[in-house]
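First comes the structure, then the notes that go with it.
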Amino acid sequence: MSVYDILAERGYIEQCTHEAELRELLEKQSVTFYIGFDPTADSLHVGHYVQVMVMRHMQNAGHRPIALLGGGTGMVGDPSGRTDLRQMMTVDTIDENCGRFKNQLARFIEFGEDKAICVNNADWLRELRYIDFLREVGSQFSVNRMLTAECFKARLEHGLSFLEFNYMLMQSYDFLELYRRYNCQLQLGGNDQWSNIINGVDLIRRLDGGQAFGLTFKLLTTSAGQKMGKTAKGALWIDERKTTPYDFYHYWRNIDDSDVENCLALLTFLPMDEVRRLGAYKDAKINEAKEVLAYEVTKQVHGEENAKKAAEAEKALFSKGGGEVPSIEMERSGFAEGMNIIDAYLAAGLITSKGEGRRLMEQGGVYVKDQQIKDFTHCLTLDDFEEDKLILRKGKKTFKQIHLK
RNA sequence: GGAGGGGUUCCCGAGUGGCCAAAGGGGGCAGACUGUAAAUCUGUUGUCGACGACUUCGAUGGUUCGAAUCCAUCUCCCUCCA
């Protein structure tokens with residue numbers, strides 16, 4: 001079974017420039033391909049992770065990945081699919097983010113020698129000379145055609161700066177550069193990258209007469225079409241300092257029924273017949289599939305150790321008892337005289353204001369040791385702690401353990 | 001450079017002197033129902049020493065008993081003209 005078929009079967013593929021030719025090429029030889037990551041934040045998130053999964057599938061099949069860090073394109077900002085102007089980032093931030101991306105990618109992709117390459121387009125984009133670039137690359141683009149591109153639609157209504165309008169040229173040029181340097185013949189990306197990709201393919205053909213391919217993948221969305229991986233605190237990050245392994249696990253454990261099969265296919269390496277078997281579960285049984293999903297994805301991202309811990313903590317909580325819950329250290333002295341319960345919730349970070357605490361309590365969402373508390377003046381004392389630990393609960397699913405020091 | 005329109009709470013968006021801590025929707029949180037799901041329904045959604053007080057409607061000053069609303073200056077954004 002070729003990689004193309006694997007990717008297709010697992011449901012990654014959305015659009016392809018030349019399906020038959022690409023399929024043949026991938027079967028015949030090792031192909032160098034690239035995926036670009038713009039350093040828009042200080043950590044990758046699950047959206048990027050789908051791309052990483054594809055890279056791994058490709059690498060397993062003997063192809064050579066190039067991870068392209070957007071140290072240059074990040075200075076311009078991709079307007080695709082956005083309705084507002086991206087905030088401009090400083091060069092320092094961009095370089096810092098690139099460094100972090102690189103470290104994270106190295107956890108999933110084996111770099112080195114002929115296996116995989118990591119490059120930064122700052123190396124060539126920042127050096128570009130304006131006139132030269134306009135003459136070589138700019139002349140190949142038709143503004144008329146660019147304006148009709150889907151990716152600018154949203155922006156034409158609200159305004160699009162010339163800076164961002166150029167993004168497409170930058171990315172197309174990247175592809176050309178990689179084609180020339182590494183004989184990179186294929187660019188992969190999320191489906192929102194389609195127009196950026198096909199323009200790169202075109203550019204290679206026009207300037208070098210070369211044959212290049214583009215392939216895009218489904219964006220990770222819920223069955224309702226919403227972007228996935230959004231939590232109240234923002235994106236679902238790969239960096240465990242931004243999203244703890246527990247929260248990460250929790251997200252997948254609580255996912256919508258109808259998204260289970262899709263996520264298993266895209267985010268794990270489980271064989272497809274297994275994926276389909278799990279995805280077919282109905283009613284309460286589908287919870288088993290969600291456990292598998294949460295465990296597998298967490299294992300890939302945070303390691304087996306963390307995945308086990310998260311799974312145990314989750315189980316322990318819902319079947320009563322302790323387990324490993326997000327915890328916080330607090331001074332023993334604070335409780336010596338008793339601490340007001342709302343103050344304690346605030347200190348533990350479960351609420352952001354006392355007003356919120358009051359509402360929470362009025363609506364019956366405050367529990368200490370499984371006892372619902374309805375008294376604003378209730379105090380927690382050292383007697384409430386067992387072995388210096390006490391679990392505060394907010395609603396049904398949010399917990400925080402106080403650890404005395 | 002000229003003319004016009006606009007910046008309201010987490011987001012979108014009403015409000016054009018007191019009835020405004022500010023409609024409505026989205027999102028969030030909690031409750032009911034469930035399967036730790038979805039959908040649905042209910043409540044809630046500025047802060048605090050809480051039947052009260054304090055701080056919010058781009059910024060700073062001003063008019064007024066009283067300003068998100070009126071005036072001045074500044075600032076940012078958008079549209080059209082050149």
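Since the structure is predicted, the reported quantities are computational estimates derived from the model, not experimental observations. Below, read A as the first sequence line, B as the second, and so on, with proteins coming before strands; counting in each chain starts at 1.
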- Task: Determine the Euclidean distance between corresponding P atoms of B:rU42 and B:rG25; express it in Å to zero decimal places.
- Result: 11 Å
- Task: Between B:rC78 and B:rG46, how far apart are the P atoms? Round to whole Å, please.
- Result: 31 Å
- Can you tell me the pairing partner of B:rG66 across any strand shown, Watson-Crick or G-U wobble, with both distances under 3.5 angstrom? none
- Query: Can a donor-acceptor pair be found between the side chains of A:T40 and A:D38 at a distance below 3.5 Å?
  - Reply: no
- Task: Write down the distance between CG (A:N287) and P (B:rA38), rounded to a whole number of angstrom.
- Result: 11 Å
- Query: What integer distance in Å separates A:D257:CG from B:rU34:C1'?
  - Reply: 11 Å
- In the structure shown, which nucleotide is the Watson-Crick or G-U wobble counterpart of B:rC74, with both distances under 3.5 Å? B:rG58
- Between A:Q171 and A:N199, a side-chain donor and acceptor under 3.5 Å: no
- Message: Taking B:rG18 as the reference, what is the distance to B:rG66 when you measure between their C1' atoms (whole Å, please)?
- Response: 6 Å
- Query: A:K282 has an atom NZ; how far is it from atom P of B:rA37, in whole Å?
  - Reply: 18 Å
- Message: With a 3.5 Å cut-off and heavy atoms only, can you find an N or O donor on one side and an acceptor on the other between the side chain of A:E314 and the base of B:rU36?
- Response: yes
- Message: Using a 6.0 Å cut-off, check whether atom NZ of A:K102 has over 12 heavy atoms from anything other than its own residue.
- Response: no
- Item | Counterpart base for B:rU79, defined by Watson-Crick or G-U wobble contacts under 3.5 Å | B:rA3
- Query: Say you pick atom P in B:rU8 and the same atom in B:rA59; how far apart are they, in whole Å?
  - Reply: 10 Å
- Of A:H250 and A:L346, the one whose nearest nucleotide on RNA chain B sits closer to the 5' end is A:H250
- Task: Measure the distance from NZ on A:K354 to P on B:rG52 and round it to the nearest whole Å.
- Result: 21 Å
Show each protein N/O and nucleotides 30-33 of chain B N/O combination with a separation under 3.5 Å, one pair to a line.
unit_1 : atom_1 : unit_2 : atom_2 : d
B:rA30 : O2'    : A:Q363 : O      : 2.9

- Message: Could you tell me how far B:rC71 sits from B:rG52 if I compare only their C1' atoms? Round to whole Å.
- Response: 34 Å
- Interatomic distance at C1', B:rG31 relative to B:rU64, whole Å: 47 Å
- Message: Please name the nucleotide paired to B:rA30 by Watson-Crick or G-U wobble geometry with both distances under 3.5 Å, or report none.
- Response: B:rU42
- Applying the 3.5 Å cut-off to both distances, the Watson-Crick or G-U partner of B:rU36 turns out to be none
- How about A:F133 and A:Y173: are their ring centres within less than 6.0 Å of each other? yes
- Item | Whole-Å distance separating the CH2 atom of A:W252 from the P atom of B:rA38 | 15 Å
- Message: What is the separation between atom CD on A:E356 and atom P on B:rA50, rounded to the nearest whole Å?
- Response: 19 Å
- Taking the same atom, C1', in B:rU56 and in B:rC10, what whole-Å distance lies between them? 14 Å
- Same-atom distance (P) from B:rU9 to B:rG4, integer angstrom: 27 Å
- Donor on one side chain, acceptor on other, A:W124 and A:E177, under 3.5 Å: no
- Query: So does A:E312 pair up with A:K309, basic N to acidic O under 4.0 Å?
  - Reply: no
- Message: Looking at A:S353, I'd like to know whether one of its side-chain N or O atoms comes within less than 4.0 Å of OP1 or OP2 on B:rG46.
- Response: no
- Rounded to whole Å, the CZ-P distance (A:F376 to B:rC51) equals 11 Å
- Note on the structure: Atom CD of A:E288 and atom C1' of B:rU36 are separated, to the nearest Å, by 14 Å
- Ring centres under 6.0 angstrom apart (A:F108, A:Y49): yes
- Task: Answer with base, sugar-phosphate or nothing: what part of the nucleic acid does A:I351 contact at a heavy-atom distance below 4.0 Å?
- Result: nothing
- Given side-chain contact (heavy atoms from CB on, under 4.5 Å), test A:R56 with A:Q300 step by step and report yes or no. CA-CA 12 Å; A:R56 296 176 77 180; A:Q300 293 293 332; 3.0 Å; yes
- Item | Taking every non-hydrogen atom, the tightest pair across A:V3 and A:H63 | CG2-NE2, 3.5 Å
